[in-house]
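Working notes for the structure below.
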Amino acid sequence: MAEPLIAVLNGPNLNLLGLREPEIYGIQTLDDLEAVCAEAGEQLGLAIDFRQTNGEGELITWVHECRGRAAGIVINPAGYSHTSVALMDALHAVELPVIEVHLSNIHQREAFRHHSYVSRAARGVICGLGFSGYRLALQAIAEIVEQEA
Ligand code: CA2
């Protein structure tokens, strides 16, 4: 049987990983993060579609495209977590298991980062664990997909 497809979607400015603000986001790049997700996918028997965009509309279109195609979504919506009702609506609409991930501990940072619209559409939220958060999110989604097959 084909491996379940999991979309790993990354929002604005995450293309700057490893290039700016290493004290918050570390020194590893987005390519390094993709490699971590690819390796986790291999271990868990998942096909991974890893993407990053700086556009809110593009991120929402990618969420729509997951319907009927993907078994689940791991998403770091970055700044759109705190602002985008439209992204939350899209994630609700696709009716797929969603795990929200943040590299940093958003609750330890500025007050405006403490609220995420996306969390209302997520089964679970992982923050503050850096790249490991993505691995843990993929493990969680593998279990959800298996249980709900
Ligand atoms: O901690 C996270 O993963 C965030 O989603 C990252 C977002 C931030 O707006 C959220 O509050 C928390 C920012 C992504 C920007 O990433 C950069 C990476 C390197 C250098 C500059 C920005």
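Ligands are counted one by one from 1 in listed order, and the atoms in each one are counted from 1 as well.
- Using a distance-only test at 3.5 Å, with no hydrogens or angles considered, no donor-acceptor pair links the side chain of S84 to the main chain of S81.
- Legend: side-chain hydrogen bond (donor to acceptor under 3.5 Å, both in side chains) pairs involving residues 130-139, not counting sequence neighbours, sorted by first then second residue: N10-Y134, N76-Y134, S132-R135.
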task: Evaluate the criterion side-chain contact (heavy atoms from CB on, under 4.5 Å) for residue pair Y25 and N13; output intermediate values, then yes/no.
output: CA-CA 11 Å; Y25 299 112; N13 300 309; over 6 Å; no
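- Sequence neighbours left out, the pairs with a member in residues 55-83 that pass salt bridge (charged side-chain N to carboxylate O under 4.0 Å, His left out) are D49-R69, R51-E65, R67-E95.
- Remark: the backbone N or O of A86 is not paired with any side-chain donor or acceptor of D89 at under 3.5 angstrom.
- Residue-level contacts of ligand 1 at the 4.0 Å heavy-atom threshold are P12, N13, L14, L16, L17, R20, E21, Y25, N76, A78, G79, H82, H102, L103, S104, I106, R113.
- Sorted by first and then second residue, the salt bridge (charged side-chain N to carboxylate O under 4.0 Å, His left out) pairs involving residues 76-88 (not counting sequence neighbours) form an empty list.
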